[in-house]
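Working notes, beginning with the structure itself.
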Amino acid sequence: METDHPRLIDAYHRQLNYLRISVTDRCNLRCRYCTPAQGMDKLRHEEILTYEEIVRVVALAVKMGVNKIRLTGGEPLVRKDVDTLLPCLTRFPELEDISLTTNGIYLSDHLESIKASGIKRINISLDTLNPRIYESITGFDGFHQVWSAIHKAADMGFDPIKLNTVVLKGINEKDVIELADLSKTYPFHIRFIEYMPGGFVDPGARLCHVPNSTLKQRLSKYGRLVPVPRADMDGPTVRFKFEGAPGEIGFISPLTHHFCETCNRLRLTANGHLRPCLFSDWEVDLKTPMREGADDARLARIFLQAALNKPRSHKLASTPSVSLSGKMSAIGG
Ligand code: SAM
């Protein structure tokens with residue numbers, strides 16, 4: 001491996017080895033916690049990074065110590081020819097972990113090429129097992145499509161299959177039991193994510209999170225939750241298993257137990273900016289210099305600038321109405 005590029009270490013000595021890549025700002029769903037009801041301004045095609053540019057950024061990031069990437073969006077599977085990008089990323093031997101986050105609507109049609117590319121790990125967003133509630137959260141009657149894609153992925157050997165559930169007070173909090181119960185039958189990892197308020201949705205939507213400690217207490221009535229030892233690539237998920245279950249339950253608690261201290265993430269937005277913290281509007285443009293012919297050394301300096309501007313922590317719990325100009329879909333969650 002070339003060693004002439006500096007490692008991505010921030011001002012608080014955190015090594016940034018995880019790059020989340022928003023492949024597109026476009027999404028086929030309008031999840032209430034993610035997208036404003038009136039929709040969003042879309043980036044023009046020429047504003048988003050080409051696949052060649054994404055691969056170049058990844059190649060450099062890898063030289064600077066990134067060993068984990070996630071493709072997200074918007075909805076990554078709505079971008080044209082996204083299947084051609086995947087094998088270009090799996091060819092970096094330094095990447096120990098490559099995964100994809102999707103809402104699952106178009107997943108069935110892409111599973112063969114995802115598998116062929118070598119990606120084994122998929123996260124699928126699923127907030128309920130009730131088709132009516134699914135439609136009320138996402139704006140689309142698509143539960144059965146997602147459910148069948150999840151089973152097809154399991155049959156094809158994808159492992160682990162993680163189901164991401166954002167829990168909203170009074171909307172899908174009752175569905176948590178049924179979702180957690182899936183882990184008793186299937187080897188799925190069900191992950192409950194605290195709803196993060198922000199500039200993503202209409203203030204009038206009045207959405208509210210449910211603390212994961214409350215969920216854990218509720219779930220404990222349905223079986224003993226046994227802690228799962230942490231693994232290297234776990235990130236902020238705190239993992240449990242119902243005794244004897246094939247699957248797992250995970251809690252991701254950005255509000256009640258923020259994990260800023262150990263945050264190892266940088267985000268590459270769909271329009272080619274590096275964003276060191278989801279909850280800070282500070283970003284640095286990588287695309288313009290790249291298109292003006294910058295060499296890798298210059299791009300590496302921009303990467304370092306992003307790392308050094310990573311704040312020590314977000315202020316979400318103390319300022320719950322934090323307003324961000326970036327939208328979750330463009331940034332990538
Ligand atoms: N379209 C893909 C999907 O639905 O999985 C990927 C993009 S989505 C922005 C990535 C993740 O962010 C999803 O798991 C989603 O549930 C989560 N997310 C979006 N808005 C959120 C919010 N306000 N609070 C917590 N998680 C959120």
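Sequence positions, counted from 1, serve as the residue numbers for this chain. Side chains are part of it too, since the values below use all heavy atoms of this structure and drop only hydrogens, waters and symmetry mates. Remember, it's 1-based here, ligands and their atoms both numbered in the order they're listed.
- Residues R267 and S22 have side chains that never bring a donor and an acceptor to within less than 3.5 angstrom of each other.
- When each atom of ligand 1 is checked for a heavy atom of T72 under 4.0 Å away, the hits are 6 (C), 7 (C), 10 (C).
- Every atom of ligand 1 with a heavy atom of G74 under 4.0 Å away is listed here by number and element: 1 (N), 2 (C), 6 (C), 7 (C).
- Taking a cutoff of 4.0 Å between a charged side-chain nitrogen and a carboxylate oxygen, D281 and R275 qualify as a salt bridge.
- Although no hydrogens or angles enter the test, the distance criterion places no donor-acceptor pair under 3.5 Å between the side chain of D10 and the main chain of L16.
- Set against the non-hydrogen atoms of M196, the atoms of ligand 1 under 4.0 Å away are 22 (C), 23 (N), 24 (N), 25 (C), 26 (N).
- Atoms of ligand 1 found under 4.0 Å from any heavy atom of E194 (numbered from 1 in listed order, with element): 25 (C).
- The only option from V57, V58, L19 that meets the side chain to side chain contact (heavy atoms under 4.5 Å, CB included) definition with V66 turns out to be L19.
- The existence of a salt bridge linking D296 and R56 is confirmed by a sub-4.0 Å separation between a basic side-chain nitrogen and an acidic carboxylate oxygen.
- Close approach of ligand 1 to N164 is summarised as follows: ligand atoms under 4.0 Å from at least one heavy atom of the residue are 14 (O).
- Each of the atoms 2 (C), 3 (C), 5 (O) of ligand 1 lies under 4.0 Å from some heavy atom of T102.
- Atoms of ligand 1 lying under 4.0 Å from at least one heavy atom of V166, given by number and element, are 16 (O), 25 (C), 26 (N), 27 (C).
- Looking only at atom types and distance, the side chain of T102 has a donor-acceptor partner in the side chain of E75 under 3.5 Å away.
- With rounding to the nearest 0.5 angstrom, the CZ atom of R20 is 5.5 Å from the OG1 atom of T72.
- Contact atoms of ligand 1 toward C34: 9 (C), 19 (C), 20 (N) (distance under 4.0 Å to a heavy atom of the residue).
- A pairwise comparison of heavy atoms in W282 and A306 identifies CZ3-CA, 3.8 Å as the closest pair.
- Remark: ligand 1 and E75 share an N or O pair separated by less than 3.5 Å (distance only, no angle test).
- Polar contact check, Y195 against ligand 1: no nitrogen or oxygen pair lies under 3.5 Å apart.
- Between Y33 and ligand 1, a contact under 3.5 Å exists for at least one N or O pair.
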